[in-house]
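Remember, it's 1-based here, ligands and their atoms both numbered in the order they're listed.
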Amino acid sequence: MKPTYSSEKIAILGAGAIGQLVFHQLSRLTQGVALILRPDVTTSTHSSKSTKELEPELTFLPLSGEAEQHQARLIQADDKAALKELDLIIVCVKAYQVQGALTPLLAHLKTSCHLLLLHNGLGPHLELTPLLEGKGLHLGLNLGLSLGTTSQGAIKQAPWQVKQTGTGLTQLGHHAGTEMSASLKQLLLHAIPDSQWCSPILPMLWQKLAVNIAINPLTAILNSRNGELAKPQYRKLILALLDEVVTVAKHEGIELEKAALTERVFSVIKLTANNFSSMHQDIHHGRKTEIDAINGYLIKRAKSYGLSTPKNEEIVNKIIVLESKATAD
Ligand code: KPL
């Protein structure tokens with residue numbers, strides 16, 4: 001018999017491909033998972049006055065098996081009563097959108113609400129931790145913050161339709177404030193295939209960061225699929241980027257093993273050889289990239305220790321040029 005988790009009130013902030021994928025995975029086990037309409041975005045789906053009453057049917061096309069439909073409850077960002085009830089908000093917006101999307105909600109959350117950030121790259125947790133602690137103390141809040149990373153793949157085919165494009169490991173773990181309740185952890189780990197709770201979580205996020213540092217910008221610069229990076233002429237540059245990651249991580253108290261990291265990067269290149277990385281796609285579609293939260297994050301952390309990261313700086317500068325051309329077109 002399927003376990004039920006009816007008492008937990010969960011909402012997802014950011015109805016992109018990963019947000020909707022996680023929505024469906026949770027909705028298989030529990031009813032009433034909500035989507036919070038982002039306060040910093042108005043789209044045609046979000047702008048109608050009647051959205052408060054809307055409960056759209058979302059469609060999920062899993063990798064195998066029949067299409068599934070789950071009904072979502074939409075929560076407006078100013079619906080204080082609905083926000084106050086939430087036990088968990090899973091934040092699935094891009095790293096550079098986290099603060100803008102989350103800050104207006106914080107004052108309306110209940111004392112024990114928990115936040116889980118699930119985005120590529122790192123950085124928002126550093127801005128958020130003092131904000132949460134500050135807000136918490138001031139408002140008597142006791143929020144908790146968990147962080148995660150997922151290698152699952154999905155694409156959004158219509159505003160309320162996602163197709164799963166790949167399976168992959170999801171790693172979640174505690175970062176600050178109150179720990180997530182055991183029942184919420186259990187629900188997440190049952191709902192998301194191939195997911196694990198990691199303690200500590202930061203070393204896992206740094207390993208994923210290293211993969212993104214090595215693959216994403218290079219594929220955008222070369223205008224290539226991930227598999228191109230398996231060619232011997234790119235190995236030296238990839239190793240140099242990873243050297244800088246290992247050095248900065250060490251200053252953060254995180255030991256990354258260079259050989260294992262290199263093996264992981266080349267294994268991802270091989271396993272995703274036919275894919276276009278998310279940064280390649282951002283440049284291709286004229287969107288802002290996540291470079292600030294990926295190679296940019298490494299550079300920022302390096303500077304705080306007086307370290308230099310010339311290879312990563314070179315790469316970031318190239319992406320900035322590409323990004324400004326792409327977004328100007
Ligand atoms: O996470 C990725 C991304 O594109 O953002 C990788 C692992 C590089 C797969 O494309």
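- For R235 and F266, the positive end sits near the middle of the six-membered ring, less than 6.0 Å away and at most 45° from its axis.
- Near S277, with a cut-off below 4.0 Å to any heavy atom, the atoms of ligand 1 are 4 (O), 10 (O).
- Ligand 1 lies out of reach of N275, whose nearest heavy atom is not under 4.0 Å from it.
- When atom types are taken as modelled, the side chain of E55 and the backbone of A72 share no donor-acceptor pair closer than 3.5 angstrom.
- The side chain to side chain donor-acceptor pair (under 3.5 Å) test with T59 singles out one residue from K163, H70, E68, Q69, and that residue is Q69.
- For atom 8 (C) of ligand 1, the nearest protein heavy atom (residue, atom name, distance) is N216 OD1, 3.1 Å.
- Within the 4.5 Å cutoff, the side chain of L86 has no heavy atoms near those of the I10 side chain.
- The shortest side-chain heavy-atom distance between L189 and W197 falls under the 4.5 Å cut-off.
- Protein heavy atom nearest atom 3 (C) of ligand 1, with residue, atom name and distance: S278 OG, 3.3 Å.
- Between atom 6 (C) of ligand 1 and the options T272, N212, N120, the minimum heavy-atom separation is to N212.
- H280 does not count as a contact of ligand 1, since none of its heavy atoms falls under 4.0 Å from the ligand.
- The protein heavy atom nearest to atom 10 (O) of ligand 1 is N226 ND2, 3.0 Å.
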